[in-house]
Amino acid sequence: MRSGWSLYKYEGQWFKHECPEAILSENKLAIDIAVEEGETVTVTAVSTDGVRYKGDYRYREGSYSNGEVSLERFKGPTGDVLVGEWREAGGPRGDWIIKVNAAEAE
């Protein structure tokens, strides 16, 4: 399992959180972001070209702070960086950067 971090902008301020579990392939992104003690945000997105990913993010069951995400993938020697935007349905939007570390050699 890969790991990484998430950096998103909300109301002019940047927030960074750890991502203890991440799956990233040419056609899928699935990542859990530890936002607060015991709470996670799950991002799931798909891609048809391995570069542009579109999907959604979900907080815990019953939360109204769910929305859409669109990200562009940049590959590097220490992992991948996805840069894009989050949009809450009918509400705010902001920039989002997600770093997925390179897979550890087995």
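Start at 1 with the first residue, then count along the sequence.
- Scanning both residues, L71 and G84, for their nearest heavy atoms gives CD2-N, 3.6 Å.
- Within the model, atoms CG of L82 and CD1 of I97 stand 10.5 Å from one another, a figure rounded to the nearest 0.5 Å.
- Taking T40 as the reference, nothing meets the side-chain hydrogen bond (donor to acceptor under 3.5 Å, both in side chains) condition, with sequence neighbours excluded.
- Residues satisfying the side chain to side chain contact (heavy atoms under 4.5 Å, CB included) test with N27, not counting sequence neighbours, are S25.
- Residues S3 and P20 approach most closely at CB-O, 3.9 Å, considering heavy atoms.
- A 4.5 Å side-chain heavy-atom check between P92 and Y10 finds at least one atom pair inside the cut-off.
- When all heavy atoms of A102 and P77 are compared, the pair lying nearest together is CB-O, 4.4 Å.
- Using a distance-only test at 3.5 Å, with no hydrogens or angles considered, a donor-acceptor pair links the side chain of W86 to the main chain of K9.
- The backbone N or O of R52 sits less than 3.5 Å from a side-chain atom of S47, completing a donor-acceptor pair.
- A distance of 11.0 Å separates CD of E18 from NZ of K99, quoted to the nearest 0.5 Å.
- Under the salt bridge (Lys or Arg N to Asp or Glu O under 4.0 Å) criterion, E68 pairs with R87, not counting sequence neighbours.
- Under the salt bridge (Lys or Arg N to Asp or Glu O under 4.0 Å) criterion, D56 pairs with R58, not counting sequence neighbours.
- Note that the CG atom of D80 and the CG atom of L24 stand 5.0 Å from one another [nearest 0.5 Å].
- For F15, the ring-ring contact (aromatic ring centres under 6.0 Å, His included) test picks out Y8, with sequence neighbours left out.
- Looking at every heavy atom in both residues, H17 comes nearest to I33 through CB-CG2, 3.6 Å.
- Considering all non-hydrogen atoms of both residues, V81 and V83 come closest at CG1-CG2, 3.8 Å.
- With values rounded to the nearest 0.5 angstrom, I31 atom CD1 is found 7.0 Å from S6 atom OG.
- Not counting sequence neighbours, the partners of E26 by the side-chain hydrogen bond (donor to acceptor under 3.5 Å, both in side chains) test are R73, K75.
- Here the OG1-CG distance, from T44 to D32, works out to 10.0 Å after rounding to the nearest 0.5 Å.
- Rounding to the nearest 0.5 angstrom, the gap separating the CG atom in N66 from the OG1 atom in T42 is 10.0 Å.
- Pairing each heavy atom of W96 with each of L7, the nearest pair is CD1-O, 3.3 Å.
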